[in-house]
Amino acid sequence: MFKERDSDVSQQGGGSAAAAALSHFQILGASDSTRILRFVSFPERYEQWRQRASLVLADIDLSPDLARDIGSRKWLRGAATLVGLSALALAGWPDFAPLEAKPAMAVDDAVRDEFRSQMIMPLALGGDSGRRMGATREVVPLKSAPERPRLDLVATLSRGDTFARMLQRAGVSSAEADHIAGLVSGAMPLGDIAPGTQVDITLGRRPAPGASRPLDALSFRARFDLQLGVSRESGRLVLDPHPIKVDTTPLRIRGVVGSSLYRSARNAGAPAKAVQEYLRTLGNEMDVSSGIASNDEFDLIVDYKRAATGEVEAGKLLYAGLIRDGKPRKQLMRWGNDGQFFEASGNGEMRSGLVAPVPGSRSSSYGMRRHPILGYSRMHKGIDFRAGYGEPIHAVTDGTVEFAGRHGGHGNFVKLQHGGGLETGYAHMSRIAVRAGQHVRRGQVIGYVGSTGLSTGPHLHYEMYRGGKTIDPSSVRFVTRVQLSGGQLAAFRGELAKLQQIAPGAALATMTPDPALSDEPVREIDRIERKQKVG
């Protein structure tokens with residue numbers, strides 16, 4: 001394909017051949033050249049103008065160094081720029097002439113006197129304020145100043161306080177306060193008066209200057225069904241008890257479960273605490289999330305009290321029922337001193353498994369591990385739960401406190417005995433809330449999370465024992481149930497039948513008010529004078 005130059009000779013006669021030449025015309029071909037017109041947009045034209053202006057202005061130095069080339073055109077141009085800028089700055093020089101502002105308000109003699117009374121100068125001249133001058137020699141003090149003949153107070157019984165000490169704080173003499181406390185204790189124990197109870201007190205005129213005011217009247221709500229009063233009759237204090245009529249018909253609420261049992265029960269008028277207890281009670285017998293249908297009916301009965309004075313008091317849940325297709329599926333009633341729920345057949349509520357002693361997750365399981373403090377491997381005889389300092393620790397099931405106190409590396413330690421050779425232990429507590437020999441219920445607070453003993457931080461070390469030996473707590477599953485029999489079963493069924501006869505909403509019927517405790521019309525002048533409150 002390629003040949004050397006020396007071989008580029010003619011094969012005939014040994015003559016040399018002419019060199020081949022290609023013109024530019026032959027390369028491009030014989031086509032005529034054409035001119036293509038292109039549209040230039042405004043942004044492109046502006047950019048071209050900006051570049052040209054930048055090139056021109058780059059050659060113009062508007063701020064040259066005036067210390068060089070003195071007298072040249074460049075120097076004269078810079079001097080002119082300096083003079084022009086200085087003249088422009090002097091033209092904008094601010095004027096500091098005083099400005100007169102219009103006063104915000106018209107100041108007359110009365111306003112001027114008011115301003116003068118607020119000054120400190122009157123105090124320097126002997127006045128106790130700018131409105132009143134100090135007492136002079138012409139002022140004669142009164143021998144005795146009159147005081148109010150009657151004083152109305154509202155005293156509050158604080159937690160840990162006594163009834164007599166509360167009266168003394170209100171201004172009652174110690175002897176009279178002890179006498180009143182004795183009168184009240186004859187009607188009810190003073191310890192049964194709830195903290196926060198407000199007592200209306202009326203004190204009379206002092207018998208002598210400096211003496212305590214005598215008590216004229218006293219009134220307070222001692223119990224939900226009792227109003228107590230003390231009044232002075234013929235110079236003697238007399239107790240005036242007034243029992244209040246109370247309707248104890250339990251409140252029964254029924255309704256369709258719908259999309260949310262809790263919301264449906266609350267919309268039907270059930271107290272929030274009663275609905276929570278209702279769900280918790282059913283949860284011990286069945287799976288609430290999947291075992292209740294939207295067309296089921298809830299049926300709950302709550303302990304309910306209504307006073308003739310208008311107050312209401314909702315108590316514990318008495319009955320929890322679930323109805324499906326018109327037939328009762330679950331019927332649970334509270335029975336006994338422990339307040340345990342029993343089915344209609346007399347079987348106690350089923351309790352499966354153990355509740356978690358704290359809500360935190362597990363940080364260490366049962367078995368061999370390297371001890372974080374001792375530094376060597378040994379048997380970890382329990383389960384560690386993550387928990388914050390001071391969080392409550394709950395008993396996993398019913399039991400009796402076998403030990404409560406300091407226990408070596410466990411620190412503050414509580415051990416519960418549950419029967420059948422089963423025991424549980426709770427270690428590293430910051431504070432113990434039970435004592436040895438005490439009976440505790442499932443979920444009751446027995447102490448608070450801490451880091452006592454051999455512990456690197458706040459957590460709960462939870463152990464379980466069977467026959468005195470530690471076992472893995474996560475391997476234990478058990479169910480407890482109590483069965484009523486004999487006379488207890490008959491009494492239970494009788495009470496259950498009585499509750500089921502209560503009509504829904506019967507406790508909300510109109511109640512006749514007590515005329516003896518109706519408020520008297522208040523005079524307009526009495527509305528102005530408010531009672532002083534005593535803590």
Side-chain angles (χ1 to χ4, degrees), residues 157 184 186-200 218-230 239-256 262 264-281 297-323 328 331-342 344 490-521:
L157 182 64
V184 174
M188 64 172 297
L190 296 178
D192 292 347
I193 303 177
T197 301
Q198 293 188 340
V199 182
D200 295 330
L218 176 148
S219 178
F220 68 101
R221 187 69 168 267
R223 284 196 312 261
F224 190 76
D225 59 347
L226 180 63
Q227 179 84 16
L228 285 182
V230 176
L239 181 67
D240 182 21
H242 185 88
I244 300 173
K245 182 180 178 182
V246 175
D247 180 19
T248 59
T249 303
L251 176 63
R252 187 173 191 177
I253 301 174
R254 293 181 63 177
V256 181
Y262 181 84
S264 300
R266 291 287 290 139
N267 292 336
K273 187 176 180 181
V275 179
Q276 294 172 359
E277 193 172 5
Y278 173 84
L279 293 173
R280 186 167 54 251
T281 302
E297 294 183 57
F298 60 87
D299 186 8
L300 56 93
I301 301 178
V302 182
D303 187 15
Y304 198 71
K305 296 180 181 179
R306 292 187 304 154
T309 52
E311 295 86 1
V312 296
E313 184 180 85
K316 297 181 179 180
L317 179 70
L318 301 179
Y319 174 82
L322 184 66
I323 303 173
Q331 290 180 308
L332 299 169
M333 190 186 75
R334 188 187 297 273
W335 182 258
N337 297 329
D338 295 337
Q340 185 177 352
F341 280 88
F342 289 81
F492 169 80
R493 290 179 174 175
E495 184 66 23
L496 178 61
K498 186 186 301 183
L499 283 180
Q500 291 179 339
Q501 292 177 359
I502 300 175
L508 303 179
T510 304
M511 189 175 182
T512 305
D514 191 347
L517 296 177
S518 59
D519 295 334
E520 298 180 357

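Sequence positions, counted from 1, serve as the residue numbers for this chain.
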message: Quick check for you: to the nearest 0.5 Å, what is the distance between Gln340 atom CD and Leu332 atom CG?
response: 10.5 Å
- prompt: Hey, is the main chain of Gln227 close enough, under 3.5 Å, to the side chain of Arg223 for a donor-acceptor pair?
  reply: no
field: CG-CG distance between Leu251 and Leu318, expressed to the nearest 0.5 angstrom
entry: 10.0 Å
query: Below 4.5 Å, heavy atoms only, C-beta onward: do Leu317 and Leu300 meet side chain to side chain?
result: yes
query: So, for Ala222 and Leu228, which heavy atoms are closest and what is the spacing to 0.1 Å?
result: CB-CD1, 3.7 Å
Pairing of Arg254 and Glu297 as salt bridge, 4.0 angstrom limit: yes
task: Identify the heavy atoms of Val275 and Ala265 that sit nearest to each other, and give their distance.
output: CG2-CB, 3.8 Å
- prompt: Under 4.5 Å between any side-chain heavy atoms of Asp303 and Arg334, yes or no?
  reply: no
query: Can you tell me if Tyr278 uses its side chain to pair, donor with acceptor, with the backbone of Ile301 under 3.5 Å?
result: no
- prompt: From Asp225 CG over to Thr309 OG1, what is the distance, rounded to the nearest 0.5 angstrom?
  reply: 10.5 Å
task: Identify the two heavy atoms, one from Ile193 and one from Phe220, that lie closest to each other, and give their separation to 0.1 Å.
output: CD1-CE1, 4.0 Å
- prompt: Nearest heavy-atom pair of Ala507 and Tyr304: which atoms, and what distance?
  reply: CB-CD2, 3.8 Å
message: Quick one: does any side-chain atom of Arg493 pair with a main-chain N or O of Leu496 as donor and acceptor, under 3.5 Å?
response: no
- line: To the nearest 0.5 Å, atom NZ of Lys305 lies from atom CD1 of Ile244 at 12.5 Å
task: Search all heavy atoms of Phe341 against all heavy atoms of Tyr319 and return the closest pair with its distance.
output: CE2-N, 4.5 Å
- prompt: At their closest point, which heavy atom of Leu226 faces which heavy atom of Arg221, and how far apart are they?
  reply: O-CD, 3.6 Å
- prompt: Counting only N and O atoms by type, is there a donor-acceptor contact under 3.5 Å from the side chain of Arg252 to the main-chain atoms of Asp299?
  reply: no
Rounded distance (nearest 0.5 Å) linking atom CZ of Phe492 with atom CH2 of Trp335: 7.5 Å
